[in-house]
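Here, residue 1 is the first one in the sequence, and each next residue gets the next number.
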Amino acid sequence: MAEVARLFAVRLRTAIGEHGIRETARTTGIAHPVLSRILNGTGWADTHTLARLEHTLNTALWPAHATRRGRHQ
């Protein structure tokens, strides 16, 4: 599960890009500290937060390949 969280954070950081965490927080309606915790690996996105981020940032953030691989091991 740690690898899924790491990959999610990497994808989120890439999707945020030059916009920054505060601007992303404003556009997604997700609190800045929540985004910071996710990016720092000290917090986890619930399904509502995940869906809101993916929808607003228009990108797939959940690392599906990591979860599929984990099911077969």
Side-chain angles (χ1 to χ4, degrees):
M1 227 25 179
E3 180 65 4
V4 173
R6 187 191 71 76
L7 290 171
F8 177 76
V10 168
R11 289 178 179 200
L12 177 57
R13 188 170 304 283
T14 300
I16 289 172
E18 295 179 14
H19 298 288
I21 297 172
R22 291 192 189 278
E23 183 179 333
T24 302
R26 275 193 300 277
T27 59
T28 61
I30 297 168
H32 170 266
V34 172
L35 289 177
S36 292
R37 284 192 297 274
I38 293 168
L39 291 169
N40 292 330
T42 59
W44 187 257
D46 60 23
T47 55
H48 178 77
T49 301
L50 170 64
R52 182 177 252 170
L53 286 167
E54 286 189 333
H55 176 75
T56 306
L57 297 172
N58 195 31
T59 189
L61 299 171
W62 188 255
H65 68 280
T67 56
R68 271 189 258 122
R69 185 175 62 234
R71 287 184 192 149
H72 298 298
Q73 293 180 347

Inset, instruction - Can you see which heavy atom on Ala45 is nearest to which on Ile38, and at what distance? - result: CB-CD1, 3.7 Å
Inset, instruction - Could you tell me how the ring of Trp44 sits relative to the ring of Trp62: parallel (under 30°), tilted (30 to 60°) or perpendicular (over 60°)? - result: perpendicular
Inset, instruction - State whether Glu3 and Arg6 are salt-bridged, where the test is any N-O pair (Lys NZ or Arg NE/NH1/NH2 against Asp/Glu carboxylate O) under 4.0 Å. - result: yes
Legend entry - Spacing of Ile21 atom CD1 and Leu12 atom CG [to the nearest 0.5 Å]: 8.0 Å
Legend entry - Point-to-point distance, once rounded to the nearest 0.5 Å, from OG1 of Thr28 to CD of Glu23: 10.5 Å
Inset, instruction - Verify, without hydrogens or angle tests, whether Arg22 (side chain) and His32 (backbone) share a donor-acceptor contact under 3.5 angstrom. - result: no
Legend entry - With Asp46 via side chain to side chain donor-acceptor pair (under 3.5 Å) - residues at least two apart: Thr49
Inset, instruction - Would you check if the side chain of Thr27 reaches a backbone N or O of Thr24 as a donor-acceptor pair within less than 3.5 Å? - result: yes
Inset, instruction - Report the distance from atom NE2 of His19 to atom CZ of Arg26, rounding to the nearest 0.5 Å. - result: 12.0 Å
Inset, instruction - Going by the side chain to side chain contact (heavy atoms under 4.5 Å, CB included) test, name the single residue among Thr14, Val10, Leu53 that passes it with Leu61. - result: Leu53
Legend entry - Heavy-atom pair of closest approach, residues Ala25 and Ala31: CB-C, 4.2 Å
Inset, instruction - Could you tell me the separation between the CZ atom of Arg37 and the CG atom of Leu39, rounded to the nearest 0.5 Å? - result: 11.5 Å
Legend entry - Heavy-atom pair of closest approach, residues Pro63 and Val4: CG-O, 3.6 Å
